[in-house]
Amino acid sequence: MGMSITYTEQGLVAALKERDNQAFAFLYDHYSGALYSIIRQIVTDNSEFAGDVMQEVFINIWRKIESYDQAKGRLFTWMLNIARNAAIDTLRSKSYQNSQKNQELPDNEYRGASNQTTQQNVDNIGLKKVLEKLKPEHRVLVELAYFKGFTHEEIAGMMAIPLGTVKTRIRNALLQLREYLK
Amino acid sequence: MNLKEYIASGIIESYVMGLASASERVEFEQMCAQYPELAAERKKFEESLEQYASEQAVRPPTEVKAKILKAIVTMENGKTEASQ
């Protein structure tokens with residue numbers, strides 16, 4: 001591969017908006033690993049599904065690049081959120097859930113936050129690895145919100161804790177995560 | 001609430017990671033437009049998140065790239081034909 005073109009973020013966005021295939025190939029080469037990582041942290045058990053999510057994500061990036069607004073955040077942040085949302089949609093899809101049925105008992109998964117530490121059956125990569133440093137009562141909330149896509153309201157119901165507490169704990173957990181990322 | 005407290009509240013992280021509610025997002029975007037210091041803090045967090053995510057990259061299956069590029073070329077050709 002003799003590709004020597006590099007882009008600034010601004011230049012890359014401009015080229016993508018111009019529908020430049022070469023810029024898109026560059027985008028893929030530079031960001032696919034980081035985006036695939038987050039997809040695998042959400043769609044944990046089946047790489048075939050994760051590959052499909054990847055395709056969907058990059059096609060969506062291509063289709064929606066016009067709507068990306070630099071004033072609201074960096075390109076990577078925008079793409080990361082597209083990837084996370086697509087992965088969560090797959091996690092909730094019938095076909096994924098059917099493929100999981102014989103492998104686990106989802107109903108028991110979050111019965112007790114204290115059990116969490118003994119149930120790490122997935123290779124921990126990326127943010128999930130950082131998550132391990134949090135207190136269990138914080139970790140379980142970030143798991144449910146960020147990696148499973150439940151709303152704060154849903155989590156309050158599931159865990160039988162007040163909505164305000166869910167929000168405060170998640171925010172505190174994210175502030176701690178930030179410290180660990182440094 | 002003053003700006004310092006707002007910055008330290010976890011709203012930046014919550015917004016960037018896609019966990020803020022619709023009304024929190026609207027408020028945060030307005031605040032960022034109004035206070036460059038807040039936007040700068042957001043950018044700092046975005047950069048460290050991006051940095052960490054690229055350190056933790058996982059190589060996707062090799063066939064995925066070709067499939068995506070093919071899908072995009074097909075989409076673009078479809079568009080050109082439609083507009084002719």
Side-chain angles (χ1 to χ4, degrees), chain A residues 19 21 24-25 28-41 47-48 50-52 54-59 61-63 69 71-77 80-81 84-85 125-130 142 145-146 149 151-152 167-168 170-178 180-182, chain B residues 5-22 24-26 28-34 36 39 41-80:
Chain A
R19 318 258 117 203
N21 286 357
F24 191 73
Y28 186 87
D29 291 339
H30 278 255
Y31 296 103
S32 59
L35 296 179
Y36 191 62
S37 175
I38 191 71
I39 293 167
R40 287 303 306 265
Q41 288 167 57
S47 65
E48 231 169 87
D52 289 347
M54 257 312 254
Q55 282 187 60
E56 193 190 321
V57 166
F58 273 89
I59 289 167
I61 290 169
W62 178 257
R63 286 171 57 191
D69 179 359
K72 290 182 182 176
R74 290 172 62 79
L75 178 64
F76 180 74
T77 303
L80 185 66
N81 281 315
R84 175 179 165 259
N85 289 333
I125 50 168
L127 285 172
K128 282 228 170 135
K129 203 163 69 185
V130 189
V142 176
Y146 191 75
T151 64
H152 289 19
K167 192 170 142 176
T168 315
I170 288 178
R171 287 208 180 176
N172 287 335
L174 297 181
L175 286 167
Q176 281 179 50
L177 274 183
R178 176 182 192 152
Y180 295 130
L181 294 184
K182 280 180 184 164
Chain B
E5 283 171 15
Y6 190 65
I7 287 173
S9 70
I11 182 66
I12 295 174
E13 296 71 16
S14 181
Y15 176 86
V16 168
M17 295 180 73
L19 297 182
S21 70
E24 287 171 338
R25 281 202 303 273
V26 170
F28 184 78
E29 285 164 10
Q30 284 167 353
M31 293 283 282
C32 278
Q34 210 177 335
E41 284 295 322
R42 183 199 66 206
K43 190 166 172 247
K44 254 198 253 170
F45 177 63
E46 291 187 272
E47 282 167 352
S48 53
L49 189 62
E50 181 171 344
Q51 172 70 34
Y52 185 74
S54 30
E55 284 164 16
Q56 298 290 317
V58 176
R59 190 190 296 271
T62 40
E63 71 275 12
V64 173
K65 183 181 177 183
K67 281 189 191 169
I68 291 169
L69 294 179
K70 195 178 159 203
I72 275 152
V73 170
T74 311
M75 269 163 54
E76 289 305 300
N77 288 346
K79 258 195 225 163
T80 326

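Chain naming here is simple, since letters A, B, ... match the order of the sequence lines and numbering starts at 1 in each.
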- Bottom line for B:K44: the part with an atom under 4.5 Å from chain A's heavy atoms is both
- Message: Quick one, A:R74 with B:L49, criterion side-chain contact (heavy atoms from CB on, under 4.5 Å). Give me CA distance, side-chain angles, the key distance, then yes/no.
- Response: CA-CA 11 Å; A:R74 290 172 62 79; B:L49 189 62; over 6 Å; no
- Message: Heavy-atom cut-off 4.5 Å, strictly under: side chain, backbone, both or neither for A:Y28 against chain B?
- Response: side chain
- Heavy-atom side-chain proximity of A:L127 to B:M17 below 4.5 angstrom: yes
- Message: I'd like to check B:V73 versus A:N21 (side-chain heavy atoms, cut-off strictly below 4.5 Å). Are they in contact?
- Response: yes
- Full working for salt bridge (charged side-chain N to carboxylate O under 4.0 Å, His left out) between B:E13 and A:R178: CA-CA 8 Å; B:E13 296 71 16; A:R178 176 182 192 152; 2.7 Å; yes
- Message: Can you tell me which of A:V130, A:L35, A:L177 forms the most heavy-atom pairs within a distance under 4.5 Å of chain B?
- Response: A:V130
- Between A:M54, A:E56, A:K72, A:R19, which shows the greatest number of heavy-atom pairs under 4.5 Å with chain B? A:K72
- Item | B:E50 portion near chain A, given a 4.5 angstrom heavy-atom threshold | both
- Message: Is it the case that the side chain of B:Y52 and the backbone of A:G126 share a donor-acceptor pair, with hydrogens and angles ignored and the cut-off at 3.5 Å?
- Response: yes
- Message: Can you tell me which portion of A:A71 sits under 4.5 Å from chain B's heavy atoms? Options are side chain, backbone, both or neither.
- Response: backbone
- Task: Report the C-alpha distance between A:R84 and B:L19 in whole Å, list the side-chain angles of each, state the deciding distance to 0.1 Å, and finish with yes or no for side-chain contact (heavy atoms from CB on, under 4.5 Å).
- Result: CA-CA 11 Å; A:R84 175 179 165 259; B:L19 297 182; 3.3 Å; yes
- Which bit of B:I11 is near chain A, if near means a heavy-atom gap under 4.5 Å: side chain, backbone, both or neither? both
- Region of A:I170 in contact with chain B, defined by heavy-atom distances below 4.5 Å: side chain
- Item | Portion of B:E47 that has a non-hydrogen atom of chain A nearer than 4.5 angstrom | both
- Task: Could you verify whether a donor N or O on one side chain and an acceptor N or O on the other, from B:Q56 and A:S37, lie under 3.5 Å apart?
- Result: no
- Query: Is chain B contacted by the side chain of A:H30, its backbone, both, or neither, given a heavy-atom distance below 4.5 Å?
  - Reply: neither
